[in-house]
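Hydrogens, waters and symmetry mates play no part in the numbers below; they use all other heavy atoms, side chains included. FYI, the numbering just counts along the sequence from 1. We count ligands from 1, going down the list as the structure has it; atoms in each ligand are counted the same way.
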Amino acid sequence: MPTIVFANSKGGVGKSTSALVLAQVFAAQGANVTLLDADPNQPLASWADRDPEHVPANLRVVPSVTEETILDHIDTAAARDPFVIVDLEGTANVAVSYAIGRADLVLIPMRGSQLDADQGARVIKVINRQAQAYRRYIPYAVLFTCTTVLRGRDFKHIANTLRGAEIPVLRAEMVERAAFRAIMQIGGTIYDLEQSDVSNPEAAIENAEAVAAAVVEHLRVQQEQNA
Ligand SMILES: Nc1ncnc2c1ncn2[C@@H]1O[C@H](COP(=O)(O)OP(=O)(O)O)[C@@H](O)[C@H]1O
Ligand SMILES: [Mg+2]
């Protein structure tokens with residue numbers, strides 16, 4: 001049912017990684033998930049090809065999603081699966097607008113840099129325009145990615161600015177972890193990683209599940225408010 005869209009016109013902020021990790025957690029919890037790869041670079045389709053045997057049977061990756069096909073893919077998948085997750089290209093384009101128009105939740109990944117925040121602000125403007133065009137409220141939240149224990153000055157400034165602007169921030173963050181890089185490189189899921197692949201894969205799983213729980217909670221609160 002819910003369609004979760006990852007958008008930030010800045011590249012390298014963790015859209016694809018976070019989309020994949022979220023999909024893996026939902027799939028591990030037993031839900032059918034469709035992951036739409038709408039980035040011409042096809043990072044998620046490439047992930048699926050890297051180790052097809054370790055793509056969970058209930059996680060369907062749809063490659064080559066374009067502006068011509070994205071609405072059909074979203075509508076078909078949303079009618080069938082409990083979770084549809086869309087990974088977008090790092091530019092503002094028509095596919096981004098369409099996906100946002102259909103989203104139950106737009107997640108805006110940001111690392112703690114001002115550049116990411118500036119591009120994130122542009123995504124929020126697109127969301128507001130789409131909300132106006134479709135005459136509906138489109139829920140969104142910032143997802144901090146690649147965070148470390150040490151918070152830089154940039155990060156604190158951005159967090160304060162978001163709070164001041166009343167922009168929702170997901171209560172869990174994607175911590176910077178080798179496990180999240182590793183799955184993109186070697187394929188498979190965070191649940192397949194061994195101690196010999198990366199140190200402490202359990203911590204990555206715990207982090208990923210906390211993010212997934214925060215996403216579900218955010219969706220639930222939004223649905224209640226709009227009911
Ligand atoms: N939570 C994380 N921990 C460690 N590395 C990460 C994390 N999120 C993203 N990365 C790394 O950052 C780079 C960009 O991530 P990616 O998901 O491709 O961003 P985007 O899709 O926004 O371009 C990749 O090398 C990826 O492995
Ligand atoms: Mg990407």
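For the atom pair CD1 of I138 and CD1 of I100, the computed distance is 7.5 Å after rounding to the nearest 0.5 Å.
By the 4.0 Å heavy-atom criterion, G12 is counted among the residues contacting ligand 1. Taking a 4.0 Å cut-off on heavy atoms, M184 fails to register as neighbouring ligand 1. Using a 4.0 angstrom heavy-atom cutoff, G11 counts as in contact with ligand 1.
With a heavy-atom cut-off of 4.0 Å, K15 touches ligand 1 through backbone and side chain alike. If you look at V175 next to ligand 1, the close heavy atoms, those under 4.0 Å, all belong to the backbone. The residue T145 has no part lying near ligand 1, judged by heavy-atom distances below 4.0 Å.
In this structure the side chain of T147 reaches within 4.5 angstrom of the side chain of F155, judged on heavy atoms. Looking at heavy atoms from C-beta onward, N32 lies out of side-chain contact with R80 at the 4.5 angstrom threshold.
In this structure, F26 and F83 have parallel ring planes: the angle between them is below the 30° cut-off, well short of the 60° mark.
Protein heavy atoms are absent from the 4.0 Å sphere centred on atom 25 (O) of ligand 1.
For ligand 1, the polar-atom distance check against A178 finds no nitrogen or oxygen pair separated by under 3.5 Å. Ligand 1 has a nitrogen or oxygen under 3.5 angstrom from a nitrogen or oxygen of S16.
Regarding atom 7 (C) of ligand 1, its nearest protein heavy-atom neighbour is C146 SG, 3.2 Å. Of the protein's non-hydrogen atoms, the one nearest atom 19 (O) of ligand 1 is G14 N, 2.9 Å. Here the heavy atom of the protein found nearest to atom 3 (N) of ligand 1 is R177 N, 2.9 Å. Among all non-hydrogen protein atoms, the one lying nearest atom 9 (C) of ligand 1 is T17 OG1, 3.5 Å.
For the Mg ion (ligand 2), the set of protein N/O/S atoms nearer than 2.8 Å consists of S16 OG, ordered by chain and number.
Taking every heavy atom of both residues into account, W47 and I183 meet most closely at CD1-O, 3.2 Å.
Residue V86 forms a side-chain contact (heavy atoms from CB on, under 4.5 Å) with just one option from L35, I70, I4, and that option is I70.
With R136 contributing its side chain and G101 its backbone, the two residues share a donor-acceptor pair below 3.5 Å.
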Show the numbers, then the answer: is there a salt bridge (Lys or Arg N to Asp or Glu O under 4.0 Å) between D116 and K10? CA-CA 6 Å; D116 299 3; K10 177 94 164 22; 3.1 Å; yes
Quick one, K15 with E89, criterion salt bridge (Lys or Arg N to Asp or Glu O under 4.0 Å). Give me CA distance, side-chain angles, the key distance, then yes/no. CA-CA 9 Å; K15 291 182 291 293; E89 188 181 359; over 6 Å; no
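When the heavy-atom distances from atom 12 (O) of ligand 1 to R111, R181, K10 are ranked, the shortest goes to R111.
Ligand-side atoms of ligand 1 in range of V13: 19 (O), 20 (P), 22 (O), range being under 4.0 angstrom from any heavy atom.
Looking only at atom types and distance, the side chain of D192 has a donor-acceptor partner in the side chain of T189 under 3.5 Å away. Using modelled atom types, one finds no donor on one side chain facing an acceptor on the other under 3.5 Å when comparing Q132 with N128. For the residue pair E68/T66, the side-chain donor-acceptor check at 3.5 Å is satisfied. Residues S16 and D87 have side chains that bring a donor and an acceptor to within less than 3.5 angstrom of each other.
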